[in-house]
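Being a predicted model, the structure only gives us computed values, none of them experimental.
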Amino acid sequence: MRKYILFYLLFCLCCLKLFAGGKVLYRTVPCTLLQGITEREYTVYLPPGYDMDTLRTYPVLYLLHGGNCSNTDWERYGGLSHLADSLIACGQMQEMIVVCPEANKDNMIWFNAAHWRYEDFFFQEFMPYIEQTYRVNAEKAYRSVAGYSMGGGASVVYGVLHPDLFNVVYGMSSYLRSQPLEFLKDDPSAPWRQKLVDDYNPIRTITEGSEKNVSAWKAVRWFIDCGDKDFTYDANIDLVSAFRKRGIPYEFRVKGGGHDWSYWRPALCDALVYVSHQLPDD
């Protein structure tokens, strides 16, 4: 009898491991390129199988947050880990590592300024650190970037400027050019950030790009997702028009909704499924 009880307990433990969810970690990365900063926060989701097979490598998705937000918002408001666990369990999403960088603290921008080289930090320090620290498959076909609002605009810009690095770019409610924003009205640092947004405007970059640029952009899978009541709607329509004029393939979805988590939570679900479905068949 004791032998059967022991067997049953071992079986239950194996089942618990088999159906265990992924885990979310809140960590920091060493930093030298951001003025006055020695480390920067990030959130990482590791899929259920990560600790079971230590030889396996995983696709990676970088999730960029919006303005006046935080790297923790994807988990706190978007339910990232629960959503990913559910999608993986029902076979809609492949296991992947999801990384949420921090770009609000100190200077709220994803781009390079004279005194704040965030883009350099992201590509020269942050991304290499992540892909050396975790078991990431670092080939382009397994790396994607997505974001909402300011992070959606940055995702599109990063894809435009670095098409050799990303398989999928998924922009949600992307902030692509400067617009009057209430929460920036009394912010004395807003003008230089708004100027950077216009300097990096991907609509203009795509419109004016060379044929060589266009060829590189065609190698990225672009997905533009925006609510019909979103204040970024017109700019996202203009981005899609630029893609069409240059013959760059894309997918575009407009659903009912505005610029808030009621829209981004289901958009995150769509993004995770879409990114997963664009991965190579191993």
Side-chain angles (χ1 to χ4, degrees), residues 22 44-50 56-65 74 78-81 83-101 122-123 127 130-131 134-148 151-174 176 202 206 209 213-226 236 239-240 242-244 246-255 263-282:
V44 60
Y45 167 81
L46 300 176
Y50 189 82
R56 181 180 174 185
T57 60
Y58 292 86
V60 62
L61 169 63
Y62 292 93
L63 279 180
L64 312 186
H65 64 71
W74 288 106
L80 170 62
S81 61
L83 180 59
D85 287 348
S86 300
L87 291 171
I88 291 168
C90 69
Q92 291 299 303
M93 171 184 168
Q94 294 189 40
E95 291 199 8
M96 69 178 72
I97 295 170
V98 184
V99 185
C100 312
F122 184 91
F123 287 99
M127 202 166 78
I130 292 296
E131 299 186 5
Y134 303 98
R135 295 196 311 276
V136 169
N137 187 327
E139 297 178 36
K140 166 184 165 144
Y142 295 89
R143 185 190 299 113
S144 299
V145 63
Y148 68 85
S155 298
V156 174
V157 170
Y158 282 4
V160 166
L161 297 181
H162 306 274
D164 57 314
L165 295 180
F166 298 109
N167 180 35
V168 173
V169 173
Y170 195 113
M172 314 171 198
S173 311
S174 300
L176 302 167
I206 292 167
N213 293 145
V214 171
S215 179
W217 295 330
K218 287 180 177 179
V220 177
R221 292 174 169 90
W222 302 93
F223 199 115
I224 309 304
D225 189 343
C226 190
N236 279 273
L239 175 64
V240 167
F243 281 143
R244 289 172 66 88
R246 302 309 303 269
I248 300 168
Y250 65 90
E251 293 199 41
F252 182 39
R253 297 292 184 277
V254 177
K255 301 186 289 291
Y263 191 89
W264 300 325
R265 272 189 295 272
L268 174 59
C269 179
D270 293 342
L272 292 173
V273 172
Y274 182 78
V275 168
S276 183
H277 288 178
Q278 307 311 310
L279 292 169
D281 294 323
D282 292 331

### Task
Output, in order, the C-alpha distance, side-chain angles, deciding distance and verdict of side chain to side chain contact (heavy atoms under 4.5 Å, CB included) for Leu80 and Leu63.
CA-CA 10 Å; Leu80 170 62; Leu63 279 180; 4.1 Å; yes
### Task
I would like to know whether Ile224 and Ser174 meet side chain to side chain contact (heavy atoms under 4.5 Å, CB included); could you show each step before the answer?
CA-CA 8 Å; Ile224 309 304; Ser174 300; 5.6 Å; no
#### Entry: Derivation and outcome, side chain to side chain contact (heavy atoms under 4.5 Å, CB included), residues Tyr58 and Tyr134
CA-CA 9 Å; Tyr58 292 86; Tyr134 303 98; over 6 Å; no
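The two residues His65 and Pro101 make their nearest non-hydrogen contact at CD2-O, 3.3 Å. Nearest heavy-atom pair, Ile88 versus Pro47, reported as atom, atom and distance to 0.1 Å: CD1-CB, 4.3 Å. Minimum heavy-atom separation, Gln94 to Pro280: NE2-O, 4.4 Å. The two residues Val157 and Pro202 make their nearest non-hydrogen contact at CG2-CD, 3.9 Å. Across all non-hydrogen atoms, the minimal contact from Ser155 to Val145 is OG-CG2, 3.8 Å. The two residues Trp74 and Cys100 come nearest to each other via the heavy atoms CD1-SG, 3.7 Å.
Considering OG of Ser144 and CG of Leu61, their distance stands at 6.0 Å, rounded to 0.5 Å. In this structure, OG on Ser81 lies 7.0 Å from OH on Tyr45, to the nearest 0.5 angstrom. Atoms CE and CG, from Met96 and Leu279 in turn, are 5.0 Å apart once rounded to the nearest 0.5 Å. Note: Arg253 CZ to Tyr170 OH = 7.5 Å, rounded to the nearest 0.5 Å. For the atom pair Leu272 CG and Gln92 CD, the distance stands at 11.5 Å (nearest 0.5 Å). Atoms CE and CG, on Met172 and Leu268 in that order, are 5.0 Å from each other to the nearest 0.5 Å.
For the ring-ring contact (aromatic ring centres under 6.0 Å, His included) with Phe223, the qualifying choice from Phe243, Tyr250, Tyr274 is Tyr274, the only one to do so.
Not counting sequence neighbours, the partners of Arg246 by the side chain to side chain contact (heavy atoms under 4.5 Å, CB included) test are Ile206, Glu211, Val214, Ile248.
Trp222 has its side chain within reach of Val156: a pair of non-hydrogen atoms, C-beta onward, lies under 4.5 Å apart. Side-chain contact between Ile97 and Leu46 is present, with heavy atoms from C-beta onward closer than 4.5 Å. Side-chain contact check for Val44 versus Ile130: every heavy-atom pair is 4.5 Å or farther apart.
No more than 12 heavy-atom neighbours from other residues, nucleotides or ligands sit within 6.0 angstrom of CZ on Arg244.
A donor-acceptor contact shorter than 3.5 Å links the side chain of Arg135 to the backbone of Tyr50. Between the side chain of Lys255 and the main chain of Tyr263, no donor-acceptor pair closer than 3.5 Å is present. In this structure a side-chain-to-backbone donor-acceptor pair under 3.5 Å is present from Asp85 to Gly22. For the pair Trp217 (side chain) and Pro163 (backbone), a donor-acceptor distance under 3.5 Å is absent.
In this model, a donor atom of one side chain and an acceptor atom of the other lie less than 3.5 Å apart for Asn167 and Arg221.
Classification of the Phe123-Phe166 ring pair by plane angle, with boundaries at 30° and 60°, yields perpendicular.
For Tyr158 and Tyr62, the distance between ring centers is not under 6.0 angstrom.
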